> 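Handing you a structure now.
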Amino acid sequence: MLTLRHLLILAAAVAATAAAAAAILTALQGASPAVRVVAASILAEKPARADAPLAVRQYLAYYRHEGRWVLAEGPAGVPVYALGLGVCPGDIRPLLNRAYTRQSAIIHLAGCSLVMPRAEDGVIVHYVATCTLGSDFRPEPAELELIYQGRPVRVRVVLVNC
């Protein structure tokens with residue numbers, strides 16, 4: 001049976017754990033402004049530099065045309081990459097099954113910015129990095145045309161050199 005003393009010790013332990021978790025989350029969010037600036041520069045296809053090296057992650061997804069372009073999971077569609085900068089999640093499945101535009105292409109999480117592939121004005125744009133860690137980012141766009149469901153589709157690949 002728990003006495004008052006045991007309940008106080010338990011409450012103190014829970015409070016200490018919560019305080020430690022809050023400190024870790026605050027530290028991750030404190031790194032976000034630099035990551036946000038780099039992500040915005042990559043989206044604008046302009047060079048960017050971070051003071052400290054950033055982890056770079058790529059996520060494979062597919063754009064499918066279902067009356068409109070939708071970013072989805074699975075091999076049916078045009079293969080594209082999303083780019084994660086900073087401390088990013090292992091997968092982006094919760095962010096799939098929707099369309100992204102230039103205005104909605106950057107998603108900021110604690111310590112992570114995702115530059116999502118977008119489809120607008122008849123062009124699919126996605127981002128491919130040449131590194132897994134970098135501080136100097138230089139985007140270089142290239143375009144190609146392919147046939148998807150019997151119609152021509154322009155794909156713009158932004159190669160991010162780092």
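Quantities reported herein were computed from a predicted structural model and do not represent experimental measurements.
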> Can you run down the salt bridge (charged side-chain N to carboxylate O under 4.0 Å, His left out) pairs that involve residues 146-155, sequence neighbours left out, and say none if there aren't any?
E143-R154
> How about R118 and T101: do any of their side-chain heavy atoms sit closer than 4.5 Å?
no
> Taking the six-membered ring where the residue is Trp, are the ring centres of W69 and Y62 under 6.0 Å apart?
no
> How many angstroms lie between atom CD1 of I106 and atom CG of L114, to the nearest 0.5 angstrom?
10.0 Å
> Which pair of non-hydrogen atoms, one from I42 and one from P139, has the smallest distance, and what is that distance?
CA-CG, 4.2 Å
> Determine whether V128 and L146 fall in the same hydrophobic cluster, where Ile, Leu, Val, Met, Phe, Trp and Tyr are linked whenever their side-chain heavy atoms lie under 4.5 Å apart.
yes
> How many angstroms lie between atom CG of L85 and atom CZ of R36, to the nearest 0.5 angstrom?
12.5 Å
> Determine whether N97 and L71 make a side-chain contact, defined as any pair of heavy atoms from C-beta on separated by less than 4.5 Å.
no
> With sequence neighbours excluded, give me every disulfide (SG to SG under 2.5 Å) pair touching residues 77-110.
C88-C112
> Under a single-linkage definition using a 4.5 Å side-chain heavy-atom cutoff for Ile, Leu, Val, Met, Phe, Trp and Tyr, are V157 and I147 assigned to the same hydrophobic cluster?
no
> Under 4.5 Å between side-chain heavy atoms, counting indirect links through other Ile/Leu/Val/Met/Phe/Trp/Tyr residues: same cluster for M116 and V70 or not?
no
> Tell me the disulfide (SG to SG under 2.5 Å) pairs involving residues 40-72, sequence neighbours left out?
none
> One pair to check against side-chain contact (heavy atoms from CB on, under 4.5 Å): E140 and N161. What are the steps and the verdict?
CA-CA 8 Å; E140 294 180 26; N161 294 305; 2.8 Å; yes
> Go through the structure and list residues passing salt bridge (charged side-chain N to carboxylate O under 4.0 Å, His left out) with E73, not counting sequence neighbours.
R93
> Starting at CD1 of I92, measure out to OH of Y59 and round the result to the nearest 0.5 Å.
7.0 Å
> Apply side-chain contact (heavy atoms from CB on, under 4.5 Å) to F137 and V56, showing your working.
CA-CA 11 Å; F137 300 91; V56 179; 3.8 Å; yes
> Among all residues two or more places apart in sequence or in another chain, which pass the salt bridge (charged side-chain N to carboxylate O under 4.0 Å, His left out) test with R138?
D136
> Would you check if the side chain of S104 reaches a backbone N or O of Y100 as a donor-acceptor pair within less than 3.5 Å?
no
> When you measure from the side chain of H126 to the backbone N and O of Y81, does any donor-acceptor pair fall under 3.5 Å?
yes
> Establish whether V35 and L133 are linked, either directly or via other cluster members, by ILVMFWY side-chain heavy-atom contacts under 4.5 Å.
no
> Is it true that a side-chain atom of T130 and a backbone atom of C162 form a donor plus acceptor pair closer than 3.5 Å?
yes
> Would you check if the side chain of Q58 reaches a backbone N or O of A129 as a donor-acceptor pair within less than 3.5 Å?
yes
> Give the cluster check for L95 versus V78: same hydrophobic cluster or not, with ILVMFWY residues linked at side-chain heavy-atom distances below 4.5 Å.
yes
> List the atom pairs, with distances to 0.1 Å, where a side-chain N or O of residues 43-54 and a protein N or O form a donor-acceptor pair under 3.5 Å, not counting sequence neighbours.
residue	atom	partner	partner atom	Å
E45	OE1	R156	NH2	2.8
E45	OE2	R156	NE	3.0

> Rounded to the nearest 0.5 Å, what separation is found between the CD atom of E120 and the CZ atom of R68?
13.0 Å
